[in-house]
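Report on the structure given below.
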Number of protein chains: 6
Amino acid sequence: MRLLIANSNTTAAVTDGMVAAGRAVAAPGTEIRGANARFGPSIVGTRTEAAIATHGLIDLLAAEAAGTDAVLIGMSLDAGLLAARELLEVPVLGMTEAAMLTACMLAPRFGLLVMGQAGIVTGRELVEGYGLERRLAGIRMVDATPQDILAAPEAFHAPLLAAAQALVEQDGADAVVLMGAVLAIMPPVLRDRVPVPLLEGIACGVPLLEALVRMGLRAPQAGTLQTPRGRQTVGLGAALAARLGGAGG
Amino acid sequence: MRLLIANSNTTAAVTDGMVAAGRAVAAPGTEIRGANARFGPSIVGTRTEAAIATHGLIDLLAAEAAGTDAVLIGMSLDAGLLAARELLEVPVLGMTEAAMLTACMLAPRFGLLVMGQAGIVTGRELVEGYGLERRLAGIRMVDATPQDILAAPEAFHAPLLAAAQALVEQDGADAVVLMGAVLAIMPPVLRDRVPVPLLEGIACGVPLLEALVRMGLRAPQAGTLQTPRGRQTVGLGAALAARLGGAGG
Amino acid sequence: MRLLIANSNTTAAVTDGMVAAGRAVAAPGTEIRGANARFGPSIVGTRTEAAIATHGLIDLLAAEAAGTDAVLIGMSLDAGLLAARELLEVPVLGMTEAAMLTACMLAPRFGLLVMGQAGIVTGRELVEGYGLERRLAGIRMVDATPQDILAAPEAFHAPLLAAAQALVEQDGADAVVLMGAVLAIMPPVLRDRVPVPLLEGIACGVPLLEALVRMGLRAPQAGTLQTPRGRQTVGLGAALAARLGGAGG
Amino acid sequence: MRLLIANSNTTAAVTDGMVAAGRAVAAPGTEIRGANARFGPSIVGTRTEAAIATHGLIDLLAAEAAGTDAVLIGMSLDAGLLAARELLEVPVLGMTEAAMLTACMLAPRFGLLVMGQAGIVTGRELVEGYGLERRLAGIRMVDATPQDILAAPEAFHAPLLAAAQALVEQDGADAVVLMGAVLAIMPPVLRDRVPVPLLEGIACGVPLLEALVRMGLRAPQAGTLQTPRGRQTVGLGAALAARLGGAGG
Amino acid sequence: MRLLIANSNTTAAVTDGMVAAGRAVAAPGTEIRGANARFGPSIVGTRTEAAIATHGLIDLLAAEAAGTDAVLIGMSLDAGLLAARELLEVPVLGMTEAAMLTACMLAPRFGLLVMGQAGIVTGRELVEGYGLERRLAGIRMVDATPQDILAAPEAFHAPLLAAAQALVEQDGADAVVLMGAVLAIMPPVLRDRVPVPLLEGIACGVPLLEALVRMGLRAPQAGTLQTPRGRQTVGLGAALAARLGGAGG
Amino acid sequence: MRLLIANSNTTAAVTDGMVAAGRAVAAPGTEIRGANARFGPSIVGTRTEAAIATHGLIDLLAAEAAGTDAVLIGMSLDAGLLAARELLEVPVLGMTEAAMLTACMLAPRFGLLVMGQAGIVTGRELVEGYGLERRLAGIRMVDATPQDILAAPEAFHAPLLAAAQALVEQDGADAVVLMGAVLAIMPPVLRDRVPVPLLEGIACGVPLLEALVRMGLRAPQAGTLQTPRGRQTVGLGAALAARLGGAGG
C-alpha cells in the first residue's frame with residue numbers, strides 16, 4: 001500500500017519529520033511518501049495562509065496523488081479536506097481529524113491540546129466544523145509557537161504534561177489530542193507520562209488509512225463528493241486543470 | 001464610499017450583473033466596482049473549485065482592494081470570508097451571509113431557497129458554518145442549474161414562487177433567502193409575489209456594508225482577525241506576497 | 001427617513017441620551033425622534049418589569065409610530081421585539097439585537113459585556129433567544145448598576161476595558177458587544193482602547209435600520225408576523241385597541 | 001391547599017372550563033379558583049396580544065394571588081411564566097410547560113399536537129424556549145381554530161386522533177402533548193383512543209403543583225427569581241404598583 | 001397508593017435511608033416500600049457496576065413490582081430507567097431525573113452538585129442523556145465519596161453550602177440539584193441555608209409519582225415503551241423470564 | 001493479533017455469521033474468535049433485553065477476554081460499550097459505532113439505514129448518545145425484522161437499495177451505515193449497487209481495531225475509564241466477581 005503525506009506548506013523539513021513519524025507506525029508493506037505544496041506559505045499561521053494552502057494542497061494532489069492508495073493531509077488545520085476527498089478516489093484523512101476520530105473510539109470525551117492562545121480559537125472551530133463539540137471535554141494550550149518547540153522541545157515537556165493533566169483531571173477528558181504538526185514529532189516518552197491515551201495526527205492517521213484501504217470501499221458515484229469532471233478553469237497548474245477538465249463518467 | 005464586489009470566479013459577465021444589481025440599491029455617493037479572480041474556475045460548482053476560488057479571491061483582494069471602503073464577496077458560498085476579513089482592514093461581507101443576517105433582522109426563522117439537490121447540502125453547511133441553524137425554518141430547491149436559469153429566467157418564476165410559498169406555509173419561514181449569484185439578478189417582480197421579504201445577497205449586502213462603513217469601526221488589533229504581517233511565502237502573486245510579507249505593526 | 005427610538009421605560013432622560021447617540025451616527029436626512037412608555041417601570045431591572053414594559057412598548061408604538069419609517073427599541077433586553085414587528089409594517093430592531101448582528105458581520109465569535117452578575121444570566125438568555133449561542137465567545141461583567149455608571153462613568157472605564165480585554169484574550173472574541181442602554185452613551189474614547197470593534201445598540205441600530213429602509217422590503221402578508229386585524233380587547237389604550245381591532249385585509 | 005388558575009385572557013368562559021377541568025383531577029382538599037385578566041385580549045391569537053396578556057397576567061396575580069399556595073397559568077403560550085415566578089413566592093407553572101414536563105417523566109420523546117399552521121411555529125418556539133428540543137419527536141396540527149373546536153368538538157376527534165397516531169407511529173413519540181386551552185376540555189374519551197399517554201396542561205398542572213406544594217420548597221433569596229422590591233413605576237394597577245414598590249427584605 | 005423504591009444496589013441500609021426519607025415527604029395514604037437488587041454491586045461506583053446493576057434492577061422489578069402503583073429508582077445514575085418503564089405498566093422515575101425535572105418547574109437553569117471529580121463527568125452525561133443541557137447552569141463538586149459523607153456528614157455541610165452558593169452566584173443557577181443517594185439523607189437544615197430551592201431525588205420523586213398516579217394515565221400500547229411479550233431468554237431469574245416470556249397482547 | 005467478537009445475545013448462529021464476516025476482512029495474522037453471553041435474551045429486541053444483555057456482555061468479557069488484543073461488541077445497539085472499555089485494558093468498539101466513525105472518515109454526513117419503525121427511534125438515540133447528530137443526514141428503514149431478512153434475504157435487496165438511494169439523493173448522505181447484525185452478512189453485491197460507501201459494523205470494526213492495536217496506546221490510568229479494582233459484589237459470575245474485586249494498582 002502506498003500512502004502520501006501531503007503537506008500543504010512549502011517547508012520540506014516538516015514534511016520529512018511527518019514521513020518519519022508515519023513510517024514508525026506503518027504496517028509492513030506500507031510505503032509512505034511525502035510531498036509539499038509548490039506554492040504558498042512556508043508555515044500556515046493565519047487564516048489567509050490557510051486559504052492559500054488549500055489551493056496548494058489541491059494543486060499538489062493533482063500532481064502527485066496518481067498511484068497513491070490513500071492520502072494524509074499533513075497540516076493541523078486539515079484545510080481542504082473535503083475538496084481533497086472530492087478530487088481523489090482514494091481515502092483522505094486530515095491529521096487532526098484522524099486524531100479526534102481515534103479519540104472518539106477510546107473515550108466519551110477528549111481534550112484538545114493546542115499551541116498558543118490563537119490555537120484555542122482555531123481548535124474550537126475545527127471541532128465544530130467536524131460536528132464533534134459534544135465529544136470535547138476542553139481545550140488547553142501551551143504558550144509556544146511551533147518554532148519555539150522545534151528549537152527546544154525538552155523545554156516544553158513540563159507545560160505539555162501539565163496541560164494534559166488538567167484536561168484529564170479538571171475537564172474530564174479520557175483521551176488527549178495534540179493539535180499541531182510539530183507536536184506529532186515530540187518524543188514518545190511523553191505518551192508514557194500522560195495517564196490517558198495521547199494522540200496525534202500522524203500516528204493515528206496512518207493506521208486509520210491502512211484500515212480504510214483494507215475495507216475496499218468504492219469511490220462515491222453520487223452525492224457531494226463525486227469527482228469533478230468537465231470543469232472550465234483559467235490559469236491553474238497543468239495537472240489540476242487537466243484533472244478538473246477531464247471527461248465526465 | 002467605494003465598494004468592491006469581488007467575484008471569486010473568472011467570469012466577468014456574472015460580475016457585471018452583480019455590479020448592476022448593487023448600483024440599483026446603493027445610496028447616493030456609493031461607487032461600486034467589480035473585479036474577478038485572475039485564475040481559477042469559470043463558475044464554482046464543486047468543493048474543489050471553491051477551494052481554488054478562495055485563493056483566487058485572496059489574490060484578487062491583495063491586488064484590487066487598495067482604496068476600497070468595503071468589500072462584498074460575490075459568490076454564493078462566501079468562500080474565503082474570514083481570510084478576507086483578516087487580510088483587509090475594511091468591512092467584508094459574503095453575499096449569502098448578508099442575506100441571512102438581514103433575514104435575522106426581520107424574522108424569527110428564515111427559509112433558504114437553493115438551486116439543485118446539491119444546493120440543499122451546500123446551503124445547510126453554510127448555515128451551520130455561520131452558527132445560524134436555529135434560525136433556519138427549512139431549505140427548498142428549484143431543480144435548475146445557474147446556466148438553466150440564465151438561459152430562460154421566466155421559466156423558473158413559477159417553481160421559485162412555489163418553493164418560496166412552501167417555505168412560508170409549510171416550514172414556518174417569515175423571510176426567504178435566495179442562495180446563488182444568478183438569483184440576485186432575477187427581476188424584482190418576484191419580490192412582490194412572495195408574501196414575506198425575499199432577500200438576496202447583493203441587495204442586502206450593499207446597504208449593510210454602507211451601514212458598517214458609517215459605524216466607523218476600527219480594524220482589529222488583537223484576536224483572530226488581525227492583518228498578517230511578516231509572513232514568508234513562495235510562488236504567490238506579487239501583491240499578495242507583498243501584503244503578507246509586510247512589516248508588522 | 002424618520003426613525004423612532006422607542007424606550008419601553010418611562011424615564012425620559014435615558015431616551016434623550018439614546019436620541020443624542022443616534023443622531024451622532026445617523027446619515028444626513030435621517031430624523032430621529034424618541035418616545036417613552038406612558039406607563040410601567042422607571043427603569044427595567046427585573047423580569048416582572050420587563051413583562052410590563054413590553055405592554056408599555058406596544059402601547060407606545062400604537063400611539064406614536066404612525067409616519068415612522070423604522071423603529072429602534074431602546075431597552076437592552078429588546079423585550080417585545082417580535083410583537084412590535086408584528087404590530088408594525090416598518091422595520092424594527094432591538095438595540096442589543098442590532099449590536100449582536102453587527103458583531104456577526106465582523107467576527108466569528110463575539111464577547112458580551114454586561115452590568116452585574118444578573119446581567120450574565122440575562123445576557124445568555126438573550127443570546128439563546130436569538131439562536132446565536134454558537135457565535136458567543138463569552139460573557140463578562142462589570143460589577144455596577146446603570147445608576148452607578150451614570151453617576152460616575154469615568155470610574156468604570158478601567159473595569160470595562162479589563163473585561164473587554166479578557167473577552168478578547170481569554171475567550172477568543174473578535175468583537176465585543178456592550179449590553180445596556182447606559183453603556184451606549186459611554187464616551188467613544190473607550191472604543192479606541194479596545195483592540196477589536198466595540199459595539200453597542202444605538203450606534204449599530206441606527207445605520208442598520210437605515211439599510212433596511214433602503215432595501216425597500218415589503219411587510220409580511222403571511223406567516224407569523226402579519227399585522228393583527230379584527231382582534232377584540234378590553235381596557236387598552238385607545239390607539240392600541242383601534243390598531244388591533246382594525247378591519248382585516 | 002388553594003390553587004389559582006390565572007387566565008391571561010379576559011374571557012371568563014374559558015377560565016370556567018379550565019377550573020372545572022382542574023377540579024376533576026385535583027386531590028381532596030385542593031381548592032381551585034379561577035381569575036381573568038382585567039384588561040387585554042379576549043383570546044390571545046397574536047404575538048402582540050401575548051405581549052399585552054403578559055402584563056394582564058402580572059396585574060392579575062398582584063391583585064388576586066394573595067393567600068394562594070400555587071398558580072397555574074391558563075394560557076397555552078405560558079406567557080409571563082418567569083415574571084410570575086419572580087413576582088410570587090409560591091410555585092407557578094404554565095399549562096403547556098406542565099404537560100411537557102409530565103411527558104418528560106413518561107417518554108424519551110414526546111409529540112406536540114397544535115391547532116393551525118401557526119401553532120407549529122408557536123409550539124416550536126415554546127419547546128425551544130424551555131430548552132426541550134431534544135425531547136421533541138415532532139409537531140403535528142389539526143387545521144382548526146379554538147373557536148372551530150368549541151363550536152363542534154366531535155368534528156375534530158378524528159383529525160386529532162389521526163395526528164396523534166402519526167406522532168407515535170411516524171415521528172417516534174412515546175407521549176403526546178396537546179397545546180391549547182380548548183384542547184384541555186376535550187372529552188376524556190379521546191385519551192382512551194390514543195395508544196400512548198395523551199397530556200394537556202390542566203390535568204397535568206394541577207397534580208404537579210400539588211406535588212410542588214408538598215415539597216415545601218423555600219422561595220428564592222438570591223438569583224434571578226427573587227421577588228422585586230422597591231421598584232418605581234408609573235400608571236400601573238394599584239396592587240401591582242404596591243407589590244413592586246414594597247420595601248426590600 | 002403503594003410506591004416502591006427500587007435500589008439497584010445490594011446494600012439494604014441505603015435503601016432503608018431512602019425509604020425513611022420518602023415517608024417523610026409522602027402524602028397521607030401513600031405506602032412506601034423498599035427493595036434491593038438480589039445480585040450485583042454493593043455500591044455502584046463504576047461504569048461496569050452500573051451496567052450490572054441495571055440487570056439487578058430489572059430482575060428486582062420483575063420479582064417485586066406486582067401490586068405497586070409507582071416505582072422510584074433509588075440510584076443516582078437512574079440506570080435502567082427506560083427499560084423499567086418498558087417492563088412495567090406503572091409510572092417509573094429515576095431519583096436524579098425527578099430532582100432535575102422538579103428544578104425545571106422552578107428555575108430557568110439549575111446547578112448540579114455532585115460528589116467527587118468523577119461525578120462531574122457522570123453528572124454531565126446524565127444531563128445530556130435527558131436532553132436537558134440547555135437547562136444546566138453548571139456542575140460543582142464536593143471532594144468526598146459517599147462513604148466519607150456517611151461517616152461524618154457534618155464535616156461536609158460547609159463544602160456543600162459553598163458549592164451550592166457558587167452555583168447560584170457564579171453560574172447563575174436558580175435551583176440546585178443534589179446528585180447522590182447519600183445526599184438525599186442530609187439533614188434538611190441544609191435546605192434553609194441555600195438561597196434557592198435545594199432538591200434531591202427522594203423528596204422530589206415521591207410527590208411527583210403521587211402526581212403521576214393521580215393523573216391516571218394509560219400504559220403505552222404502541223411506541224418504544226410497550227411491555228415486552230413472548231421474548232425468549234436463557235438463564236434469567238424466574239420472575240423476569242416469566243414476565244418477558246408472557247403471551248402478547 | 002487476537003480479536004474477540006463478543007455477542008451480547010445467546011444465539012450462537014448470529015455470532016458465527018459475524019465471525020465469518022470478520023475473517024473475510026481481517027488482515028493476515030489476525031485471529032478472530034466469537035463468544036456468546038451465557039445468559040440473557042436470544043435476540044435483543046426491547047429496551048429490557050438490552051439492559052440484561054449489557055450484564056451478559058460484561059460477564060462474557062470477564063470470562064473470555066483474557067489474552068485478547070481487542071474486542072468488537074457484536075450487537076447493533078453497542079450496549080455496554082463504556083462499561084466494557086472500563087473493564088478491559090484493550091481497545092473495544094461497538095459494531096454500529098465502528099460503522100458510524102468510519103462514515104465520519106469518508107463523508108460530511110451519513111445516512112442510517114435501520115430495520116423497522118422502532119429502529120428509527122433506536123438509531124437516533126444511538127447517534128445522539130455518540131454526540132454525532134450533526135453528522136447525520138437522515139434515517140430510513142426497511143420494514144422487516146431480523147428474522148424476516150434471515151429467512152429471505154434476497155427479498156429485501158430492493159427495499160434496502162431504495163432506502164439507501166433515498167438517503168443519498170433526498171437526505172444528502174455521502175455514506176450509508178447499516179444498523180443491525182443481520183445486515184452485516186448481506187451479500188457484498190449490495191455494496192456495488194449503492195452509489196456511496198455502504199458500511200456495516202463488522203467490516204468496519206475489524207480493521208479499525210487492527211489500527212488501534214497497531215497504535216500501541218496505553219490503558220487509562222486516570223479518568224472515567226480506569227479498570228475497577230476492589231469492588232464488592234454479590235451473586236455475580238466467578239470471573240466477573242474476581243475481576244471487579246481484584247486488588248488495586
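In what follows, every chain begins at residue 1, and chains take the letters A, B, ... in the order their sequences are listed.
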Completion exercise
Counting heavy-atom pairs under 4.5 Å with chain B, the top scorer among C:Leu132, C:Leu81, C:Val213, C:Val194 is C:Val194

Problem - Side-chain heavy-atom pair B:Phe110, B:Leu136 within 4.5 angstrom cut-off - result: yes

Practice task
Against chain C, label B:Leu82 side chain, backbone, both or neither, depending on which of its atoms sit under 4.5 Å from a heavy atom there.
Solution key: side chain

Exercise for the section: Could you go through the side-chain contact (heavy atoms from CB on, under 4.5 Å) check for C:Leu208 and B:Met215 one step at a time? Expected result: CA-CA 10 Å; C:Leu208 290 183; B:Met215 291 180 202; 4.1 Å; yes

Exercise for the section: Determine yes or no for a side-chain-to-main-chain donor-acceptor pair under 3.5 angstrom, with C:Asn7 supplying the side chain and C:Ala35 the backbone. Expected result: no

Exercise for the section: With a 4.5 angstrom heavy-atom cut-off, could you sort out which part of C:Leu199 is near chain B: side chain, backbone, both or neither? Expected result: side chain

Fill in the blank from the handout: Output for pair (C:Ser76 OG, C:Leu126 CG), nearest 0.5 Å, gives 8.0 Å

Please set out all donor-acceptor pairs under 3.5 angstrom arising from side-chain atoms of residues 65-73 of chain C, sequence neighbours excluded.
{"residue": "C:Thr68", "atom": "OG1", "partner": "C:Ala65", "partner atom": "O", "Å": "3.2"}
{"residue": "C:Asp69", "atom": "OD2", "partner": "C:Arg2", "partner atom": "N", "Å": "2.8"}

Problem - Option that, when pairs with chain B are counted at under 4.5 Å, heavy atom only, ranks first among C:Glu169, C:Gln165, C:Glu133 - result: C:Glu133

Completion exercise
Of C:Pro220, C:Ala26, C:Ala222, the largest count of non-hydrogen pairs under 4.5 angstrom with chain B goes to C:Ala222

Problem - Most contacts with chain B, counted as non-hydrogen pairs under 4.5 angstrom, among C:Gly131, C:Ala98, C:Pro195, C:Pro108 - result: C:Pro195

Problem - For B:Gly74 against B:Met95, the heavy-atom pair lying closest together - result: C-SD, 3.7 Å

Problem - C:Thr227 side chain reached by C:Arg229 side chain, heavy atoms, under 4.5 Å - result: yes

Problem - Option that, when pairs with chain B are counted at under 4.5 Å, heavy atom only, ranks first among C:Met105, C:Arg135, C:Gln221 - result: C:Met105

Completion exercise
Closest heavy-atom pair, C:Gly111 versus C:Ala137, reported as atoms and distance to 0.1 Å, is N-CB, 4.4 Å

Handout entry: Max heavy-atom pair count under 4.5 Å with chain C, selected residue of B:Ala175, B:Gly172, B:Cys204, B:Ala173
Key = B:Cys204

Practice task
Under the side-chain contact (heavy atoms from CB on, under 4.5 Å) rule, what do C:Arg124 and C:Ile139 come out as? Steps first, then yes or no, please.
Solution key: CA-CA 8 Å; C:Arg124 181 169 298 278; C:Ile139 307 181; 3.9 Å; yes

Practice task
Would you check if C:Ile5 and C:Ile32 make a side-chain contact, meaning some heavy-atom pair closer than 4.5 Å?
Solution key: yes

Practice task
Answer with side chain, backbone, both or neither: which region of B:Leu212 has an atom nearer than 4.5 Å to a non-hydrogen atom of chain C?
Solution key: side chain

Problem - Verdict with reasoning, B:Arg47 to B:Glu125, per side-chain contact (heavy atoms from CB on, under 4.5 Å) - result: CA-CA 12 Å; B:Arg47 295 180 188 276; B:Glu125 289 175 6; 2.9 Å; yes

Problem - Among C:Leu101, C:Leu106, C:Leu217, C:Val25, residue most engaged with chain B (heavy-atom pairs, under 4.5 Å) - result: C:Leu106

Exercise for the section: Tell me the residues of residues 84-94 of chain B whose non-hydrogen atoms fall below 4.5 Å from those of chain C, in number order. Expected result: B:Arg85, B:Val92, B:Leu93

